[in-house]
Amino acid sequence: MQLRTVHSAIDVLRRHLESANQSTVIRALHRMCPCSGSSAQYEELMPLVHELGKDPRPAVRAVALHLELDAFQRLALEDEVANGFVRNRPGGNPRRGETRRSRQRYGT
């Protein structure tokens, strides 16, 4: 049942992304931003978002390109963490594999 809910949400987003109304498209793009935790929706609709990056409406194009950039940066960071590259960043502790940001977040 939960899988059906996810697919129906994706179908609703797809209809909104294909809308002729610019504000409807922009709201749908904002709802599926990977930084808000909806990476499954983004991955499902990635080809459509890529096409919206070529949309003739400048506002839609800007949001779609921003969405692609956010997704790329998030994937790159996940790869760095998975491969242990974070340890080599400035401010990171090579022995503990953490960064200054993670220490600040946890108050250490």
Side-chain angles (χ1 to χ4, degrees):
M1 172 122 46
Q2 187 178 8
L3 185 61
R4 186 180 309 163
T5 305
V6 170
H7 283 296
S8 64
I10 289 174
D11 290 339
V12 169
L13 273 173
R14 185 184 314 272
R15 283 195 306 273
H16 289 168
L17 290 172
E18 294 171 344
S19 172
N21 185 338
Q22 176 176 320
S23 62
T24 301
V25 174
I26 290 174
R27 278 194 307 269
L29 285 169
H30 283 296
R31 275 197 306 261
M32 61 182 288
C33 185
C35 62
S36 67
S38 59
S39 59
Q41 292 175 351
Y42 176 79
E43 289 174 9
E44 181 83 21
L45 298 170
M46 191 169 20
L48 186 54
V49 173
H50 183 71
E51 288 302 314
L52 287 172
K54 302 171 189 172
D55 195 271
R57 300 169 288 190
V60 171
R61 193 170 53 240
V63 175
L65 293 173
H66 177 76
L67 194 68
E68 285 188 310
L69 179 63
D70 280 355
F72 175 77
Q73 289 174 341
R74 184 178 180 128
L75 289 173
L77 181 62
E78 288 173 1
D79 285 346
E80 286 180 2
V81 170
N83 293 325
F85 293 132
V86 173
R87 288 185 297 236
N88 299 325
R89 285 190 174 175
N93 183 338
R95 289 176 288 148
R96 292 174 44 188
E98 65 182 24
T99 64
R100 179 175 44 240
R101 176 174 278 161
S102 67
R103 288 194 307 270
Q104 289 171 347
R105 189 175 336 163
Y106 296 110
T108 59

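By convention here, the first residue in the shown sequence is residue 1. The model shown is predicted, which means the values in this text are computed figures rather than measured ones.
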Self-check item: Met46 reachable from Met32 in the ILVMFWY side-chain graph, under 4.5 Å edges
Solution: yes
List the atom pairs, with distances to 0.1 Å, where a side-chain N or O of residues 59-68 and a protein N or O form a donor-acceptor pair under 3.5 Å, not counting sequence neighbours.
{"unit_1": "Arg61", "atom_1": "NH1", "unit_2": "Asp55", "atom_2": "O", "d": "2.6"}
{"unit_1": "His66", "atom_1": "NE2", "unit_2": "Asp70", "atom_2": "OD2", "d": "3.1"}
{"unit_1": "Glu68", "atom_1": "OE2", "unit_2": "His50", "atom_2": "ND1", "d": "2.9"}

Self-check item: Spatial distance of atom CG (Leu45) from atom CD (Glu51) [nearest 0.5 Å]
Solution: 13.0 Å
Quiz item: Rounded to the nearest 0.5 Å, how far apart are CD of Glu44 and CD1 of Ile10?
Solution: 4.5 Å
Quiz item: What pairs with Ser19 under side-chain contact (heavy atoms from CB on, under 4.5 Å), at least two apart in sequence or on another chain?
Solution: Asn21, Thr24, Val25
Quiz item: Leu48: what forms a side-chain contact (heavy atoms from CB on, under 4.5 Å) with it, not counting sequence neighbours?
Solution: Arg14, Leu17, Glu18
